[in-house]
Amino acid sequence: MKKEILIIFLLILFSLTIISQPSNTKKTVRSVLQLKTFDERDNLIGNSIAFYVDENGSAVSCCQPFLGAYRAVVIDYEGKEYAVDQIIGGSEIYDVVKFQVSTKKSTPLVVSTGTVADGSPLWMLSYRDGKNLRKASVRKSEKFASSYDYYTLAMTMPEHAMGSPMVDERGQVVGLLQPSANKIDTLCYAVSARFADSLKIQGLSLNDATMRSIHIRKALPEQLDQAVLMLYVGSSSLDSLGYVDLIERFIHRFPKAHDGYQHRAELAFNRQDFAGVQRDMEEALRQADNKAAVHYSYGRFIYQKELLYPKVDYPAWSLEKALQEEQEAYKLDAQPIYRYQQALILYVQKKYQETSDIYEELFSTTLRSANLFYEASKCREALNDTVGQIALLDSAVNTFSRPFVQQAAPFLLVRAKTLIDVGDFRKAVLDLNDYESLMKGRLSDGFYYLRYQAELGGKMYQQALDDIAKAQTMRPEHDIYYSEQASLQLRVGLIDEAMATANQLIGMVPDQSDGYLFLGIAQCIKGNKKDGLLNLKKAEQMGDTQATDFIKKYQ
């Protein structure tokens with residue numbers, strides 16, 4: 001009797017165990033895959049379990065096997081091997097990756113949208129085995145990234161089970177199995193399958209540390225703006241083959257967008273393949289929606305060719321052709337940037353008044369800037385309109401307010417040089433003082449020599465003495481600074497100092513006349529005409545005509 005009761009009890013327990021398992025897992029064997037990854041030399045570097053999450057070959061697995069991988073494959077339940085075509089998204093922090101398998105159709109698991117309560121059962125689906133499901137119990141669930149779950153499971157993790165799907169009683173996948181701390185640990189972990197399925201590539205993903213460590217190509221973002229951003233990032237972060245592949249995929253996905261044709265044309269331009277550029281631009285004019293942007297890009301390519309490679313013969317292109325393209329762009333869409341490009345072309349054609357007129361228009365647009373005023377000033381300079389040139393440089397500087405920021409420095413320097421050229425030395429010194437305060441610690445001897453010249457012209461002799469001394473200290477081997485210093489010292493009556501400087505100059509360049517000239521003048525002023533005239537005559541013998549006049553004066 002006891003034996004019969006025990007048998008009945010075991011049968012009931014067995015039936016409860018069977019009932020407690022998900023009933024709709026027969027087809028899941030088609031969804032679970034074995035993943036293998038390989039390095040640059042095609043050595044196996046990682047493996048895990050993966051599973052499909054849609055009918056188009058998208059699958060998820062653990063991220064760790066992909067790190068350093070150049071190639072990956074999956075093997076289905078029938079032993080058929082498929083290449084991993086591209087990475088859709090990944091997170092090294094949560095150890096998950098989503099990727100695309102090169103298969104026409106796949107059988108996915110249904111990803112659960114709910115949360116599993118603590119104490120609930122889950123089952124691990126195994127590769128090639130849809131019957132013997134290993135059971136686990138949710139010990140704890142924690143939220144991450146605001147709405148996803150990370151589960152601690154009461155189960156010893158089987159060997160080679162990393163990445164296996166954990167399903168609920170409905171057969172819906174809840175999480176991806178992640179390793180325990182050690183092989184005998186009775187706890188293991190699962191990260192939300194919904195999180196893994198949500199992973200998407202973005203325009204900046206190519207700069208992501210995880211994506212950089214995976215050398216398999218990355219999927220193109222679904223949104224056009226993100227795909228365009230990826231093109232720009234890829235131009236500097238991908239190798240040449242990867243970048244070309246990205247451009248071709250972009251054109252295939254977004255044939256109506258001009259950006260792909262433009263990036264492909266840039267590659268052709270860099271090879272000086274101007275016929276290739278022309279083909280891409282003409283194809284873009286046929287296919288792309290934004291014709292104005294294409295005309296603008298086409299005009300820029302022609303302009304850059306004429307500017308950078310004027311000796312390379314390509315009869316189909318000319319500055320006039322570039323101007324026509326920019327005019328057509330502006331006609332279709334009156335963007336200031338299209339008008340600005342016309343100004344650049346006209347300037348190279350030396351049509352300075354027409355260029356100046358366009359700049360006047362652009363001052364009242366979003367392109368108004370210090371640089372725009374500076375460029376306009378170059379037109380007035382070419383037209384010999386010094387007053388207009390300085391007025392425009394004033395406008396460039398006035399786009400900044402005091403205290404000046406470093407971006408104002410180049411415009412202060414340009415204005416100072418222009419003021420020196422027209423003889424307004426004291427105003428030039430003020431600009432150079434502002435420039436010095438912005439560039440402290442990054443100034444050369446040339447700057448102090450320039451300011452010395454302005455101060456000398458403005459009769460600011462003490463400041464000039466200080467600056468020529470500073471220039472001399474920064475570049476003591478430059479003899480011109482000693483000549484200038486000795487000349488100024490004589491002018492302001494520092495006779496002994498002038499003699500000392502002249503002697504230094506003679507020691508540096510004994511075969512040049514300046515040292516003897518200044519030493520002779522200083523000696524004559526001090527009353528030592530005998531030695532002074534000897535030095536002046538030596539300077540005269542070296543061809544210095546100034547020395548002749550001083551000899552007559554002191555003879």
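Position 1 is the first residue of the sequence; numbering continues from there. Fair warning: this is a prediction, and the values are worked out from it, not measured in the lab.
Here the side chains of Val228 and Leu224 are in contact, with some heavy-atom distance below 4.5 Å. The side-chain heavy atoms of Val96 and Val60, taken from C-beta on, include no pair separated by under 4.5 Å. For the pair Phe38 and Ile45, the minimum side-chain heavy-atom distance is 4.5 Å or more. Residues Val97 and Leu199 have side chains not in contact (no heavy-atom distance under 4.5 Å, counting atoms from C-beta outward). Within the 4.5 Å cutoff, no side-chain heavy atoms of Met281 are placed close to those of Glu325. Side-chain atoms of Ser369 and Thr399, non-hydrogen and from C-beta on, never get closer than 4.5 Å to each other. The side-chain heavy atoms of Arg402 and Asp434, taken from C-beta on, include a pair separated by under 4.5 Å. Inter-residue side-chain proximity for Pro255 and Tyr261 is flagged as met; some heavy-atom pair is nearer than 4.5 Å.
Ring geometry for Trp317 against Phe274 counts as tilted: the plane angle lies between 30° and 60°, on a 0 to 90° scale.
When all heavy atoms of Ala219 and Ile88 are compared, the pair lying nearest together is CB-CA, 4.1 Å. When all heavy atoms of Ala329 and Ala292 are compared, the closest pair comes out as CB-O, 3.3 Å. For the pair Phe66 and Ile214, the tightest heavy-atom approach, listed with the atom from each and the gap, is O-CG1, 3.6 Å. In terms of heavy atoms, Val53 sits closest to Pro108 at C-CB, 3.4 Å. Of all heavy-atom pairs spanning Ala428 and Ala454, the tightest one is CB-CB, 4.4 Å. The minimum heavy-atom distance linking Ala59 with Val101 is given by the pair CB-CG2, 4.4 Å.
Remark: side-chain polar atoms of Ser237 are not paired, donor with acceptor, to backbone N or O of Asn207 under 3.5 angstrom. Looking at Lys200, its side chain never comes within 3.5 Å of a backbone N or O of Glu222 through a donor-acceptor pair. Of the possible polar contacts, none joining the Ser377 side chain to the Leu392 backbone as a donor-acceptor pair under 3.5 Å is found. When atom types are taken as modelled, the side chain of Gln223 and the backbone of Gln202 share no donor-acceptor pair closer than 3.5 angstrom. A donor-acceptor contact shorter than 3.5 Å links the side chain of Ser213 to the backbone of Thr210. Side chain of Ser235 to backbone of Tyr232: a donor-acceptor contact under 3.5 angstrom is found. No side-chain donor-acceptor contact under 3.5 Å links Asp431 to the backbone of Leu413. Judged by distance alone, the side chain of Lys218 and the main-chain N or O of Met211 form a donor-acceptor pair under 3.5 Å. Counting only distance, with no hydrogens or angles, the side chain of Arg475 and the backbone of Gly446 share no donor-acceptor pair below 3.5 Å. Side chain of Gln226 to backbone of Gly203: a donor-acceptor contact under 3.5 angstrom is found.
For Phe144 and Phe195, the ring centers are positioned less than 6.0 Å apart. Checked against a 6.0 Å centroid threshold, the rings of Tyr298 and Phe301 do not count as neighbours. Separation of the Phe447 and Tyr435 ring centroids falls under the 6.0 Å cut-off. Phe373 and Phe411 have their aromatic ring centers separated by at least 6.0 angstrom.
Interatomic distance, Leu494 CG to Leu488 CG, rounded to the nearest 0.5 Å: 8.0 Å. Separation of atoms CG (Asp54) and CG (Asp197) is listed at 7.5 Å; rounding is to 0.5 Å. Going from atom CD1 of Ile468 over to atom OH of Tyr482 covers 10.5 Å, rounded to the nearest 0.5 Å. Interatomic distance, Leu220 CG to Ile247 CD1, rounded to the nearest 0.5 Å: 11.5 Å.
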_Between His295 and Tyr338, is the side chain to side chain donor-acceptor pair (under 3.5 Å) condition met? List the steps._
CA-CA 9 Å; His295 283 294; Tyr338 302 160; over 6 Å; no
*Glu361 vs Phe363, side chain to side chain contact (heavy atoms under 4.5 Å, CB included): CA-CA, chis, key distance, verdict*: CA-CA 6 Å; Glu361 294 175 26; Phe363 292 151; over 6 Å; no
*Go through Gln278 and Tyr314 one step at a time and tell me if the side chain to side chain donor-acceptor pair (under 3.5 Å) criterion holds.*
CA-CA 11 Å; Gln278 185 172 343; Tyr314 193 68; 2.5 Å; yes
*Between Asp385 and Gln389, is a side chain to side chain donor-acceptor pair (under 3.5 Å) present by the stated rule, with each step listed?*
CA-CA 6 Å; Asp385 178 9; Gln389 179 188 1; over 6 Å; no
*Could you go step by step and tell me if Val397 and Leu393 meet the side chain to side chain contact (heavy atoms under 4.5 Å, CB included) rule?*
CA-CA 6 Å; Val397 172; Leu393 290 174; 5.7 Å; no
*Could you walk me through whether Tyr448 and Glu436 pass the side chain to side chain contact (heavy atoms under 4.5 Å, CB included) test, one step at a time?*
CA-CA 9 Å; Tyr448 291 102; Glu436 180 188 35; 3.2 Å; yes
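Within a 6.0 Å radius of CZ in Arg41, other residues, nucleotides and ligands contribute 12 heavy atoms or fewer. Within 6.0 Å of NZ on Lys427 lie no more than 12 heavy atoms contributed by other residues, nucleotides or ligands. Surrounding CD1 of Ile93 are at most 12 heavy atoms belonging to other residues, nucleotides or ligands under 6.0 Å away.
Applying the salt bridge (charged side-chain N to carboxylate O under 4.0 Å, His left out) rule to pairs touching residues 254-277 yields Glu248-Arg264, Arg264-Asp280, Arg264-Glu283, Arg271-Asp273, sequence neighbours excluded.
Side-chain N/O atoms of Tyr150 and Gln178 include a donor and acceptor closer than 3.5 Å. Side chains of Tyr330 and Gln342: a donor-acceptor N/O pair is absent below 3.5 angstrom, by distance only. Counting only N and O atoms by type, the side chains of Gln100 and Ser58 include a donor and acceptor under 3.5 Å apart. Side-chain contact, Tyr296 with Gln341: no donor N or O sits under 3.5 Å from an acceptor N or O. In summary, the side chains of Arg380 and Ser356 do present a donor paired with an acceptor at a separation below 3.5 Å, with no hydrogens or angles considered. In summary, the side chains of Asp149 and Thr115 do present a donor paired with an acceptor at a separation below 3.5 Å, with no hydrogens or angles considered. If you check the side chains of Gln353 and Asp357, you find a donor sitting under 3.5 Å from an acceptor. Neither side chain, Glu326 nor Tyr303, offers a donor N or O lying under 3.5 Å from an acceptor on the other.
Salt bridge annotation for Glu381-Lys378: present, with a cationic side-chain nitrogen under 4.0 angstrom from a carboxylate oxygen. Between Lys470 and Asp466, none of the side-chain N atoms (NZ, or NE/NH1/NH2) sits under 4.0 Å from a carboxylate O, so this pair counts as no salt bridge.
Partner of Tyr481 under the side-chain hydrogen bond (donor to acceptor under 3.5 Å, both in side chains) criterion, out of Thr501, Thr473, Asp445: Asp445 alone. For the side-chain contact (heavy atoms from CB on, under 4.5 Å) criterion with Arg451, the lone passing option out of Leu443, Leu456, Asn433 is Asn433.
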